[in-house]
Amino acid sequence: MLHGGAAVTKTPPLFSFFIKIPLPFLSRTSRRFFRPIPHYPKPQPSPISTHTFSMNQRLNLSTLALSRSRPPSPAAPPVSNKARKKAMRDSPEAVLKHKLDMCSRHGQVVEALRIYDEARTNGVPLSLHHYNVLLYLCSCDGEDADVGLGRGFEIFRQMVEDKVVPNEATFTNAARLAAASADPEMAFDLVKQMKVYGIEPKLRSYGPALFGFCKKGEAERAYEVDAHMVECGVVAEEAEISALLKISSEMGKGEKVYEMMQRLRSGVRQVGESTAEVVEEWFKSEEAARVGVEMFEPSGHFRSKTRERLGYHLGQRLWLFLGW
């Protein structure tokens, strides 16, 4: 720094430390980094007013001034909730949903299939709800059951091709289609596949397979369905236990008969007339007399007391198990 024309150089202490090191101790790398530092006169700071802004500040202010000078762009008019709901309600997907729901309410299978074909032609994307309604209609019994059965599997395959993720209702409706085709094995396989998708089956999911096996007289396969239900924590109700009881009685499987009776007694308690008739028919059979000779009273006496023991109420037409 120059003061009064005399050059006075003040050496920094750190620099003085490095220049005192003998040259042999400095490596090439050290010499490369520790070159002599030229001394330039330190520039005198120019006086800056306290009201002067930095360049960035001036740029910001100028940008702000320009933005203020520009007229504001017109804002889009707000959309009311009513208009938004109307737009959603009038969308092709919503219109398709409404039409299919009306067909489901009135059981119009043929009309639903026509609407489905029209939607596919017009390129309307189908959602999970659309497919579930169509599969449900195709699986229902009625005068158009054959038409629905043929198209149902086609629609299910199209759903898979469209990569629509199924849910429990999808598998249940597909299982009903399989059962309507007299294929309870496929219905049972569909229930098993639900675990692959992380879906917990419901009681209605097992109905097509269970009742289908019972109808075909395949008792062992029906017991497998029942075991799968127990494994998944699904509790059978009167209809399912009654079907198992009936096929067990028809096949002469006394042990299974009494197992189902115990389940009825502990879980259902109050049963319908059809279930009680199954129980009564069992005790009329020769197999019951043979199996229960040591467990029950003589079969003739028990038959005369069956209705009394089951608590048959003629007025309410209800059956109540009071115990054996």
Review item, side-chain donor-acceptor pairs of residues 158-167, under 3.5 Å, at least two apart:
from: Gln158; atom 1: NE2; to: Asp162; atom 2: OD1; distance (Å): 3.0
from: Asp162; atom 1: OD2; to: Arg120; atom 2: NH1; distance (Å): 3.0
from: Asp162; atom 1: OD2; to: Tyr131; atom 2: OH; distance (Å): 2.4
from: Asn167; atom 1: OD1; to: Asn132; atom 2: ND2; distance (Å): 3.2
from: Asn167; atom 1: OD1; to: Ala169; atom 2: N; distance (Å): 3.3
from: Asn167; atom 1: OD1; to: Thr170; atom 2: N; distance (Å): 3.1
from: Asn167; atom 1: OD1; to: Thr170; atom 2: OG1; distance (Å): 2.9

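- In this structure, Leu135 and Gly152 approach most closely via the heavy-atom pair CD2-O, 3.5 Å.
- The nearest pair of heavy atoms linking Lys216 to Ala182 is NZ-O, 3.8 Å.
- Cys138 and Gly148 get closest at one heavy-atom pair: CB-O, 3.1 Å.
- In the hydrophobic clustering of this structure, Ile247 does not group with Trp282; members are Ile, Leu, Val, Met, Phe, Trp, Tyr whose side-chain heavy atoms approach within less than 4.5 Å, directly or through other members.
- Here the closest heavy-atom approach between residue Ala175 and residue Ser205 is recorded as CB-O, 4.5 Å.
- Nearest heavy-atom pair, His130 versus Leu126, reported as atom, atom and distance to 0.1 Å: ND1-CA, 3.4 Å.
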**Request:** Apply side-chain contact (heavy atoms from CB on, under 4.5 Å) to Asp226 and Met260, showing your working.
**Result:** CA-CA 11 Å; Asp226 182 49; Met260 298 307 158; 4.2 Å; yes
When the side chains of residues 92-107 are checked against the rest of the protein, which donor-acceptor pairs come out under 3.5 Å, sequence neighbours left out?
from: Lys97; atom 1: NZ; to: Asp101; atom 2: OD2; distance (Å): 3.0
from: Asp101; atom 1: OD1; to: His129; atom 2: NE2; distance (Å): 3.0

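- Two residues are said to be in side-chain contact when any heavy atoms from C-beta on lie closer than 4.5 Å; Leu137 and Val133 meet this criterion.
- Interatomic distance, Arg221 CZ to Cys214 SG, rounded to the nearest 0.5 Å: 12.0 Å.
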**Item:** Residue pair Ile155, Leu113: steps toward the side-chain contact (heavy atoms from CB on, under 4.5 Å) verdict
**Value:** CA-CA 10 Å; Ile155 293 172; Leu113 293 174; 3.7 Å; yes
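- When hydrophobic clusters are built by joining Ile, Leu, Val, Met, Phe, Trp and Tyr residues whose side-chain heavy atoms come closer than 4.5 Å, directly or via intermediates, Val110 is not grouped with Leu134.
- Rounding to the nearest 0.5 angstrom, the gap separating the CZ atom in Phe211 from the CG atom in Leu244 is 8.5 Å.
- Looking only at side-chain heavy atoms (C-beta outward), Val109 and Cys140 stay at 4.5 Å or farther from each other.
- Both Tyr116 and Phe153 belong to a single network of hydrophobic side chains, linked directly or stepwise wherever heavy atoms of I, L, V, M, F, W or Y lie under 4.5 Å apart.
- Phe171 and Leu128 fall within a single hydrophobic cluster, where Ile, Leu, Val, Met, Phe, Trp and Tyr side chains are chained together by heavy-atom contacts under 4.5 Å.
- Note on Val235: it does not cluster hydrophobically with Tyr223, by side-chain heavy-atom contacts below 4.5 Å among ILVMFWY residues.
- The CD atom of Glu280 sits 9.5 Å away from the CD atom of Glu273 when rounded to the nearest 0.5 Å.
- We find the CZ-OG distance between Phe156 and Ser139 to be 12.0 Å, quoted to the nearest 0.5 Å.
- Note on Asp117 versus Arg151: salt bridge recorded, some NZ/NE/NH1/NH2 to OD/OE distance being below 4.0 Å.
- What you find for Ser248 and Lys256 is that their closest heavy atoms are OG-CB, 3.5 Å.
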**Step-by-step salt bridge (charged side-chain N to carboxylate O under 4.0 Å, His left out) determination, Glu111 to Arg114** = CA-CA 5 Å; Glu111 177 64 15; Arg114 187 196 65 79; 2.7 Å; yes
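- At least one donor-acceptor pair closer than 3.5 Å links the side chain of Glu240 to the backbone N or O of Glu237.
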**Request:** Begin with the C-alpha distance, continue with both residues' side-chain angles, and end with the deciding distance and a verdict on salt bridge (charged side-chain N to carboxylate O under 4.0 Å, His left out) for Lys253 and Glu287.
**Result:** CA-CA 9 Å; Lys253 297 181 179 295; Glu287 185 66 21; over 6 Å; no
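- Here the OG1 atom belonging to Thr121 is positioned 7.5 Å from the CD atom belonging to Glu118, to the nearest 0.5 angstrom.
- Note that the OH atom of Tyr258 and the CG atom of Leu264 stand 14.0 Å from one another [nearest 0.5 Å].
- A perpendicular orientation is assigned to the rings of Phe213 and Phe188, their planes being inclined by more than 60° (bins at 30° and 60°).
- Around the NZ atom of Lys246, the shell of radius 6.0 Å holds no more than 12 heavy atoms that belong to other residues, nucleotides or ligands.
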Tell me which donor-acceptor pairs under 3.5 Å the side chains of residues 191-204 have, and how far apart each pair is, sequence neighbours excluded?
from: Arg204; atom 1: NE; to: Glu168; atom 2: OE1; distance (Å): 3.3
from: Arg204; atom 1: NE; to: Glu168; atom 2: OE2; distance (Å): 3.0
from: Arg204; atom 1: NH2; to: Glu168; atom 2: OE1; distance (Å): 2.6

